[in-house]
Protein chains: 2
Amino acid sequence: MSMSRKYVEVVVSRTKSVSDYVLDIITLMNQGFDEVKIKGLGREISKAVDVYNSLKSRMENGIELKDVQIGTDKERKRTSYILITVVRKY
Amino acid sequence: MSMSRKYVEVVVSRTKSVSDYVLDIITLMNQGFDEVKIKGLGREISKAVDVYNSLKSRMENGIELKDVQIGTDKERKRTSYILITVVRKY
């Protein structure tokens with residue numbers, strides 16, 4: 001991974017729709033963020049995966065799934081998280 | 001990966017608790033399955049991650065997270081899935 005890569009983290013919440021997040025991520029990528037980390041906590045883990053799948057169906061080969069991490073949030077014990085890293089291809 | 005590795009897939013549903021799945025998986029591993037794939041579909045993706053975290057907190061170094069896949073289920077279009085592969089260490 002290049003050290004100069006610009007990345008941004010998007011935390012998925014209940015209040016916004018999947019499409020809202022997809023639009024946010026596409027906008028961030030157009031603003032020059034090569035790498036976007038989609039984070040979902042607890043019940044929002046499923047939604048974070050929905051955001052990734054919706055983004056993938058729109059961007060197709062324009063993005064690549066780089067990494068998927070799962071675990072327990074350090075600050076909030078017993079809260080599961082997912083962290084999905086996508087990179088822009090062109 | 002050894003070709004002789006025995007694996008089993010556990011599909012997480014709404015009806016059973018996280019603890020039930022953890023017990024199922026420990027039982028399967030004791031029966032000789034070295035590799036367990038935890039699958040969650042749609043809303044059950046969050047629960048699949050909860051199962052992994054609960055299993056990890058109980059087994060600690062006894063298991064290792066081998067792989068996390070996310071995507072769209074081929075049979076049910078627009079349904080997101082997660083597939084978490086854990087291997088038994090000893």
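Each chain gets a letter, A, B and so on, in the order its sequence line appears, and its residues count up from 1. Keep in mind the model is a prediction, meaning the values are calculated, not measured.
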Record all donor-acceptor atom pairs with a distance under 3.5 Å between chain B and chain A; write none if the list is empty.
from, atom 1, to, atom 2, distance (Å)
G42(B), O, S46(A), OG, 3.1
R43(B), O, S46(A), OG, 3.3
S46(B), N, S46(A), OG, 3.3
S46(B), OG, G42(A), O, 3.1
S46(B), OG, R43(A), O, 3.3
S46(B), OG, S46(A), N, 3.3
S46(B), OG, S46(A), OG, 3.1
D50(B), OD1, S80(A), OG, 2.4
N53(B), OD1, T72(A), OG1, 3.4
N53(B), ND2, G71(A), O, 2.8
N53(B), ND2, S80(A), OG, 2.9
G71(B), O, N53(A), ND2, 2.8
T72(B), OG1, N53(A), OD1, 3.4
S80(B), OG, D50(A), OD1, 2.4
S80(B), OG, N53(A), ND2, 2.9

Out of G40(A), G71(A), A48(A), return the one with the most heavy atom pairs under 4.5 angstrom to chain B.
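Max contact count across the listed options: G71(A).
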Checking heavy atoms, do the side chain of L65(B), its backbone, both or neither come under 4.5 Å from chain A?
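Contact with chain A involves the side chain of L65(B) alone.
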Same hydrophobic cluster for L83(B) and V8(B), using side-chain heavy-atom links shorter than 4.5 Å among ILVMFWY?
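No, because L83(B) and V8(B) fall into different hydrophobic clusters, even though each may have its own neighbours under 4.5 Å.
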Do V87(A) and F33(A) belong together in a cluster built from hydrophobic side chains that touch within less than 4.5 Å?
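No, separate clusters.
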Tell me, out of V68(B), L41(B), I82(B), who's got the most heavy-atom pairs with chain A below 4.5 Å.
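Most pairs with chain A among the choices: V68(B).
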Answer with side chain, backbone, both or neither: which region of I84(A) has an atom nearer than 4.5 Å to a non-hydrogen atom of chain B?
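The side chain, not the backbone.
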